[in-house]
Amino acid sequence: MPVWDERESEEFISPQYNLHLSFRHADRSAALPFLGGIGTITPFYLPNQEATDTMRTRFAPSPTGYLHIGGARTAFYSWLHARKHGGRFVLRIEDTDRERSTEASVNAILEGMTWLGLEYDEGPFFQTDRFDRYAEVIQQLLDKGLAYRCYCTREELDDLREQQMARKEKPRYNGKCRVGAQAREGVEPVIRFKNPTEGAVVIDDLVKGRVVIQNSELDDLIIARSDGTPTYNLTVVVDDWDMGVTHVIRGDDHLNNTPRQINLLRAMEAELPIYAHVPMILGEDGKRLSKRHGAVSVMQYREDGFLPEALLNYLVRLGWSHGDQEVFSMDEMIELFDIKDVNGAASIFNQEKLLWLNQQYIINAEPEYIAHHLGIHLGKLGIDPSEGPDILLVVKAQQERAKTLVEMAQISEFIYRDFDEFDPQAAKKHLRPVAQEPLEKMKAALAALEDWSIEALHQTVQQVSEALELKMGKVAQPLRVAVVGRAASPGIDETLALIGKEATLRRIDKALGFILQRVQAG
RNA sequence: GCUCCCUUCGUCUAAUGGUUAGGACGCUGGCCUCUCACGUCGGUAAUAGGGGUUCGAAUCCCCUAGGGAGCACCA
């Protein structure tokens with residue numbers, strides 16, 4: 001069973017989760033009555049569904065891994081489409097492949113969607129709970145003569161395929177058992193759908209436009225394996241129909257499956273959904289996104305310090321645009337996004353642009369929001385934020401300086417603890433003998449300072465600079481390297497304020513020691 | 001191999017037959033400045049190739065090339 005973050009589960013997962021429980025464990029024969037034969041079947045409606053004319057989109061991942069970037073985008077597009085039109089967004093888990101499906105993957109997918117904030121209105125439904133229903137539809141197709149048992153063995157099919165490939169033909173089933181096939185000893189038959197042999201299937205795809213496929217290109221696909229379990233093309237079609245899905249938004253790797261599914265839908269005399277096939281997302285090398293490309297799991301982006309809003313904004317702009325606008329609020333995305341405007345071409349995932357967007361979101365976010373997430377990343381560095389200054393002050397000081405929350409934690413480390421070594425480059429440039437006097441003067445002035453406020457600190461640095469007749473940079477930079485260890489930090493006054501008086505004086509001493517050592521070393 | 005989809009700066013995209021082909025990321029030069037960053041002003045860089053149609057093509061048609069997907073008792 002999924003393990004939820006208590007706080008988040010209350011908000012929007014819980015209702016579906018309860019339904020999931022009741023759906024999985026209830027007496028299905030009572031809960032899900034089926035009616036009639038082919039032609040008179042009316043789609044049944046799952047317990048929480050309302051009117052049949054409600055627009056519905058769905059996300060239907062197979063739980064064989066985490067939620068990846070491509071899946072997240074199609075889920076998001078489906079979600080946006082439903083939200084925009086006041087429809088419902090359905091989550092369905094396609095777990096009929098029992099070899100590869102895992103509970104852990106289901107949880108990973110739900111966790112990913114939760115993090116992104118893609119709450120679903122119905123589901124999650126599990127296909128493994130619906131085998132009775134699939135069996136029923138298959139039987140009806142059989143009764144109607146729209147499907148048949150095929151007794152060809154795997155070996156025979158393999159041979160057939162090889163021969164066809166050798167002849168440079170498209171491999172497909174030859175329809176041997178289509179008429180008058182006899183049961184064979186020791187062969188458990190599969191069930192095939194009798195695909196039309198003539199004519200063409202027309203798909204008016206919202207993204208790809210009109211796509212026409214000749215039925216002569218299609219063969220009689222298997223809808224039930226020899227062990228009786230249904231296959232993908234059958235289950236999607238039955239589910240989309242039963243669940244009242246009106247808009248099928250999915251990856252364009254499914255475009256080639258669509259004509260088969262349409263033929264199946266027609267055989268069941270079901271209403272056809274509207275299709276939208278969105279293109280793939282490619283890695284930086286132009287190849288299909290894979291583990292080689294690093295962070296492909298959406299949860300990895302959380303680990304890496306990205307905000308979910310930034311990731312969604314990036315994904316919506318990947319393949320879609322609204323004039324010159326780059327940054328969109330969630331409301332704007334819902335209002336402006338239109339699946340019809342999605343580009344038909346595959347696009348390359350560009351980490352640099354995502355980083356830029358993430359920084360924009362960090363800059364514009366409420367400090368409280370950032371602080372909440374920053375705490376986690378500080379914790380990973382072994383830092384307890386409560387042992388330092390108010391974390392809101394840290395966020396405000398660093399907000400414009402980090403592309404990710406991980407980076408923000410890293411560049412804030414100096415606030416919480418002394419560093420071990422000076423950055424060699426920075427020390428070489430700034431901790432030189434000429435810096436000795438400014439540092440000593442600063443130390444004295446700071447030691448005497450009672451009011452450790454940003455304003456007072458600013459004045460102090462300025463006064464010391466003026467007294468030495470130096471530009472402020474000549475004083476502030478050595479001081480910065482002394483207390484931060486590096487040449488970059490927030491304004492020197494803010495920096496000192498965050499570090500505190502005691503640590504500041506201690507670190508200046510250390511820097512003076514460093515310079516002395518350097519002089520002696522020659 | 002066959003079928004389907006796709007092709008504008010390095011990347012994401014705008015331009016629905018008439019624009020000096022626009023914006024954004026990146027890279028880069030200036031400004032701002034105590035550093036870094038933010039911000040700001042500039043620069044760099046594209047219609048895959050070839051044929052048509054048209055007064056006029058990134059845009060419509062055809063061919064070629066390149067990329068992707070599908071052709072499973074996976075989803």
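Convention: sequence-line order gives letters A, B, ...; per-chain numbering from 1.
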For this session: Summarise protein proximity over nucleotides 3-9 of chain B in one line of letters, 5' to 3': B for base, S for sugar-phosphate only, - for none, counting protein heavy atoms closer than 4.0 Å.
Result: SSSSS--
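At the heavy-atom level, A:Ser465 lies nowhere under 4.0 Å from the strands shown. Residue contacts shown for A:Gln359 are limited to sugar-phosphate atoms, with no base heavy atom under 4.0 Å away. No engagement by A:Pro259 is indicated, since no non-hydrogen atom pair under 4.0 Å with the nucleic acid exists. Residue A:Arg172 is classed as having no contact, given no heavy-atom separation below 4.0 Å to the nucleic acid. Residue A:Lys168 is in sugar-phosphate contact alone, with no base atom involved, counting any heavy-atom pair closer than 4.0 Å across all strands shown. Contact annotation for A:Glu169: base contact, defined as any heavy-atom pair under 4.0 Å involving a base atom. Residue contacts shown for A:Glu407 are absent, as no nucleic acid heavy atom lies under 4.0 Å away.
With A:Tyr173 as the aromatic partner, A:Arg192 meets the cation-pi criteria of under 6.0 angstrom to the ring centre and within 45 degrees of the ring axis. With a 6.0 Å cutoff to the six-membered ring centre and a 45° limit on the axis angle, A:Lys510 counts as a cation-pi contact of A:Phe422.
Across all strands shown, B:U28 is found opposite B:G42 as a Watson-Crick or G-U wobble partner, with both distances under 3.5 Å. Under the Watson-Crick and G-U wobble criteria, each requiring two contacts below 3.5 Å, nucleotide B:A14 is left unpaired. Pair assignment for B:C60: B:G52, on the basis of Watson-Crick or G-U wobble contacts that are both within less than 3.5 Å. For B:U7, the paired base is B:A65 (Watson-Crick or G-U wobble, both distances below 3.5 Å). B:G1 is paired with B:C71 under the criterion used here, namely a Watson-Crick or G-U wobble arrangement in which both key atom distances are under 3.5 Å.
Ion pairing between A:Asp285 and A:Lys287 fails under the 4.0 Å rule for side-chain N and carboxylate O.
Rounded to whole Å, the C1' atom of B:G29 lies 32 Å from the corresponding atom of B:A48. Comparing B:G43 with B:A21, their P atoms sit 15 Å apart, to the nearest whole Å. A gap of 13 Å separates the P atoms of B:G30 and B:C36, to the nearest Å. The same atom, P, is picked in B:U20 and in B:G52; the two are 26 Å apart, to the nearest Å. Comparing the P positions of B:C6 and B:U54 gives a spacing of 27 Å, expressed to the nearest Å. Look at the C1' atom in both B:U7 and B:A58: the space between them is 11 Å, to the nearest Å.
The main-chain N or O of A:Trp320 is found under 3.5 Å from a side-chain atom of A:Arg317 such that the two form a donor-acceptor pair.
Side-chain N/O atoms of A:Ser101 include none lying less than 4.0 angstrom from OP1 or OP2 on B:A75. Residue A:Arg161 places at least one side-chain N or O closer than 4.0 Å to OP1 or OP2 of B:A72. The phosphate of B:A14 has OP1 or OP2 within less than 4.0 Å of a side-chain N or O from A:Ser321.
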Less than 3.5 Å apart, which donor and acceptor atoms pair up between the side chains of residues 457-464 of chain A and the rest of the protein, not counting sequence neighbours?
residue, atom, partner, partner atom, Å
A:His458, ND1, A:Asp493, OD2, 3.1
A:Thr460, OG1, A:Ala456, O, 2.7

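For the residue pair A:Thr235/A:Thr96, the side-chain donor-acceptor check at 3.5 Å is not satisfied. No side-chain N or O of A:Thr404 forms a donor-acceptor pair with one of A:Asn358 less than 3.5 Å apart.
A ring-centre distance under 6.0 Å is found for A:Tyr314 and A:Phe349. Between A:His254 and A:Tyr232, the ring center distance clears the sub-6.0 Å criterion.
Taking 3.5 Å as the limit, the base of B:C73 and the side chain of A:Ser226 contain a donor-acceptor pair of atoms between them.
Relative ring orientation between A:Tyr77 and A:Phe337 is described as tilted, the plane-to-plane angle lying within the 30° to 60° band.
Within residues 425-441 of chain A, no residue is approached by RNA chain B to less than 4.0 Å at the level of any non-hydrogen atom.
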Exercise. Between A:Arg133 and A:Asp239, is a side-chain contact (heavy atoms from CB on, under 4.5 Å) present by the stated rule, with each step listed?
Worked result: CA-CA 9 Å; A:Arg133 171 60 174 158; A:Asp239 285 345; 5.9 Å; no
